[in-house]
Amino acid sequence: MQLNRNILKNKVYLYLTEFFAGMSVMAVELGASRLLAPYFSSSQIVWTIIIGTIMIAMALGNIYGGRSADKNPNPDRLYTRIIIAAIWIAAIPVVGKYIILGISALLIFTVDHNFLIVAGFAACMAVFVFPLFLLGTVTPSLVKYTVDSLEDNGKTVGMLNASNTIGSIIGTFVPTFISIPAVGTSITFLIFAGILLLLAILYFTCSKIFMKNTKKVVVSILLFLLCCVFGHDNSFAFWQSDLTYEGESIYNYLQVYETEDKVVLSTNVLFGVQSIYKKQKGLTGMYYDYAMAAPYMAGVHEKETLNVLILGMGTGTYAVQCRRYFDNMNIEGVEIDEKITDLSATYFDLPEDVKVTTYDGRAYLNAVSEKYDVIMVDAYQDITIPFQMSSVEFFTLVKEHLTKDGVMVVNMNMRSKKEGNINQYLADTISSVFQEVYTVDVERSTNRELFASNHDNMVARFSENVKKEREIELLSRMNQVGENLIKYEAGNYRMTDDKAPVELLGIQVIDELIRDEVSYYKKIYKEKGIKGLLESL
């Protein structure tokens with residue numbers, strides 16, 4: 001063992017080991033969030049699962065690493081574990097997506113409640129626990145190798161912890177702001193796996209008994225190279241070969257696909273559509289059409305100019321719709337994800353003169369003083385609602401930026417029959433701020449559009465302005481909206497900045513949607529088992 005510790009006599013190398021181990025743990029944690037988000041969303045609940053799972057792995061690793069170092073203080077064992085962790089992390093881009101979908105496919109037929117929570121936790125345990133458990137053994141092992149006496153053990157342990165912390169800080173910022181936006185999640189995993197592997201290989205090549213470990217080093221390099229060959233693909237929807245665009249931004253997984261009549265943006269491979277562009281330049285048949293009622297409620301055929309603000313611009317479908325049918329609109333949008341804005345010009349025909357500000361919607365309202373005739377709130381992030389844009393305080397801020405007869409329209413995309421559902425919370429919260437609140441359900445969709453104003457003549461003005469409409473297709477749609485508008489009767493469900501459980505409420509609705517979708521197959525599975533299920537697919 002003594003012959004094998006020559007490189008360890010230099011404590012700088014030990015500090016580097018701690019540094020890169022800490023950096024890799026945080027990089028894997030952030031990579032985990034991006035790997036899971038296209039399938040399970042990027043909500044606070046998913047983050048809780050990731051952080052909790054990683055803390056479990058690190059705690060168990062600390063315990064095992066300390067006991068192992070006391071029982072057999074051979075550095076070879078630690079750096080072998082680092083090699084194994086590196087190869088496992090490198091293999092995540094190769095097999096991780098298949099494991100996640102396999103676990104999801106299994107659980108979707110066996111779990112009746114909290115599917116996203118259970119599936120997300122199971123996937124996280126299967127993919128990430130083992131390598132992070134191994135990296136959790138680094139600190140207690142290095143303490144064993146670096147503490148030579150009690151005189152400076154405090155200083156030495158402090159330096160190790162500082163190295164780990166500094167590495168963790170860098171491992172937090174680099175993936176988020178550099179590697180993931182630049183080269184994607186898969187290559188980010190490969191980069192940090194390569195760093196760990198290089199660190200361990202350096203240890204073995206500097207040992208006097210390198211020949212004894214040659215096979216280990218060569219095999220690890222070959223496995224890593226195989227992972228690089230097969231794992232560099234950033235495709236999350238690997239079963240789809242006809243995507244127009246697939247990529248990542250700081251905030252989202254992004255997918256664009258086309259059919260004969262439309263272009264679609266999605267930030268999740270399993271649930272939901274964020275934007276849609278109809279190539280024939282007519283109505284979309286989606287909630288954007290229903291939201292067109294807001295300009296009529298604000299007097300679009302009475303005013304010389306109608307100022308419209310869209311919070312959650314996406315690729316600009318609503319703005320494009322408004323521009324197609326109204327020539328007196330001044331439209332501006334706010335979109336936090338600049339890459340989505342770039343896609344809007346490339347694939348979704350957003351007019352160049354529509355101003356789009358890259359900012360958070362609520363922060364934007366805090367920063368400007370302008371008032372608008374219509375404010376459209378459509379700020380879903382993947383399949384979740386930002387809590388800061390669902391509270392009394394937020395809707396009060398919206399009201400302050402509306403003109404005296406201004407109208408807010410909110411897209412609510414999670415319709416549910418359960419008492420105390422997320423739409424009730426949103427509608428009750430809005431009703432505590434606005435005097436007039438009306439809703440309309442979108443046909444053949446889970447969406448519901450909510451219109452709110454402090455102008456008590458909102459519906460009458462809608463009718464008056466619709467009568468002036470000459471575009472037959474749009475007139476027909478507005479008549480349909482008018483016939484189905486329902487005055488909302490407020491309850492006592494409210495969300496505030498202090499308490500807005502949007503993630504839990506959203507997951508309840510998603511559970512309902514999943515149960516409805518798979519109920520037929522669940523029945524076959526219960527009656528005929530897996531064989532009958534496979535035969536029915």
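Reckoned from all heavy atoms, side chains included, excluding hydrogens, waters and symmetry mates.
Between the T429 side chain and the M495 main chain, a donor and an acceptor come within less than 3.5 Å of each other. The main-chain N or O of D498 is found under 3.5 Å from a side-chain atom of T496 such that the two form a donor-acceptor pair. Distance alone, capped at 3.5 Å, places no donor-acceptor pair between the T137 side chain and the F133 backbone. No donor-acceptor pair closer than 3.5 Å links the side chain of T176 to the backbone N or O of F173.
Once rounded to the nearest 0.5 Å, the distance linking CG of L199 with CD1 of I82 reads 5.5 Å. For the atom pair OG1 (T185) and CG (L36), the distance works out to 10.5 Å, reported to the nearest 0.5 Å. In this structure, CG on L190 lies 11.5 Å from CG on L197, to the nearest 0.5 angstrom. One distance of note links OH of Y359 with CG of L365; it measures 11.0 Å at 0.5 Å rounding. Residue M125 holds its CE atom at 13.0 Å from CZ of F130, rounded to the nearest 0.5 Å. One finds the CD1 atom of I336 at 5.0 Å from the CG atom of D360 (value rounded to the nearest 0.5 Å).
Among all heavy-atom pairs drawn from S344 and T315, the shortest one is CB-O, 3.2 Å. For the pair P175 and I170, the tightest heavy-atom approach, listed with the atom from each and the gap, is CD-O, 4.1 Å. The nearest pair of heavy atoms linking K97 to S186 is NZ-OG, 4.3 Å. Across I50 and S33, no two heavy atoms sit closer than the pair CD1-CA, 3.3 Å. Of all heavy-atom pairs spanning N423 and N421, the tightest one is N-OD1, 2.9 Å. For L160 against L14, the heavy-atom pair with the smallest separation is CD2-O, 4.2 Å.
Residues passing the side-chain contact (heavy atoms from CB on, under 4.5 Å) test with Y493, sequence neighbours excluded: E419, Q424, Y425, D428. With sequence neighbours left out, the side chain to side chain donor-acceptor pair (under 3.5 Å) criterion links T188 to S179. Looking at residues two or more places apart in sequence or on another chain, you find no salt bridge (charged side-chain N to carboxylate O under 4.0 Å, His left out) involving E393.
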Tell me which donor-acceptor pairs under 3.5 Å the side chains of residues 51-69 have, and how far apart each pair is, sequence neighbours excluded?
unit_1	atom_1	unit_2	atom_2	d
T53	OG1	I49	O	2.7
N62	ND2	M58	O	3.4
N62	ND2	G136	O	2.5

Show every donor-acceptor pair shorter than 3.5 Å between a side-chain atom in residues 216-227 and any protein atom, with sequence neighbours excluded, or say none if there are none.
unit_1	atom_1	unit_2	atom_2	d
K216	NZ	T80	OG1	2.8
K216	NZ	N213	OD1	3.4
S220	OG	K216	O	3.2
S220	OG	V217	O	2.6

Just list the side-chain donor-acceptor pairs under 3.5 Å for residues 16-32, sequence neighbours left out, or say none.
unit_1	atom_1	unit_2	atom_2	d
T17	OG1	Y13	O	3.0
T17	OG1	Y79	OH	2.8
E18	OE1	T139	OG1	3.3
E18	OE2	T139	OG1	2.7
E18	OE2	N164	ND2	2.8
S24	OG	F20	O	2.8

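Annotation: side chain of S390 is in contact with side chain of L426 (closest heavy-atom distance under 4.5 Å). The shortest distance between side-chain heavy atoms of F192 and V174 falls below 4.5 Å. Side-chain contact check for I83 versus F204: some heavy-atom pair is nearer than 4.5 Å. Using a 4.5 Å heavy-atom threshold, the side chains of M376 and L311 count as separate. With a 4.5 Å cut-off on side-chain heavy atoms, L243 and V256 do not count as touching. Taking 4.5 Å as the limit, every side-chain heavy atom of Y257 sits out of range of all side-chain heavy atoms of V263. For the pair T244/Y347, a side-chain contact is recorded, criterion being any heavy-atom separation below 4.5 Å from C-beta on. Using a 4.5 Å heavy-atom cutoff, the side chains of M412 and L450 are in contact.
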I would like to know whether S249 and L254 meet side-chain contact (heavy atoms from CB on, under 4.5 Å); could you show each step before the answer?
-> CA-CA 7 Å; S249 68; L254 302 170; 4.1 Å; yes
Test L142 against L78 for side-chain contact (heavy atoms from CB on, under 4.5 Å), laying out the working first.
-> CA-CA 9 Å; L142 290 181; L78 170 63; 3.8 Å; yes
Side chain to side chain donor-acceptor pair (under 3.5 Å) between Q255 and S266, worked out = CA-CA 5 Å; Q255 177 192 105; S266 179; 4.9 Å; no
Start with the C-alpha gap between N72 and R77, add the side-chain angles, then the distance that decides, and say whether side-chain contact (heavy atoms from CB on, under 4.5 Å) holds.
-> CA-CA 9 Å; N72 187 355; R77 296 167 64 87; 3.5 Å; yes
F394 and Q388: side-chain contact (heavy atoms from CB on, under 4.5 Å), yes or no, with the steps?
-> CA-CA 7 Å; F394 167 70; Q388 77 274 14; over 6 Å; no
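Of the residues listed (V95, I99, I103, I89), the one engaging V127 in a side-chain contact (heavy atoms from CB on, under 4.5 Å) is I99, and it is the only one. Residue T358 is tested with K339, E338, E335, M313 for a side-chain contact (heavy atoms from CB on, under 4.5 Å); the sole match is E338. Y287 pairs with exactly one of T317, D378, N447 by the side chain to side chain donor-acceptor pair (under 3.5 Å) rule, that one being D378.
More than 12 heavy atoms of other residues, nucleotides or ligands lie within 6.0 Å of OH in Y245, so this atom counts as buried by the packing criterion.
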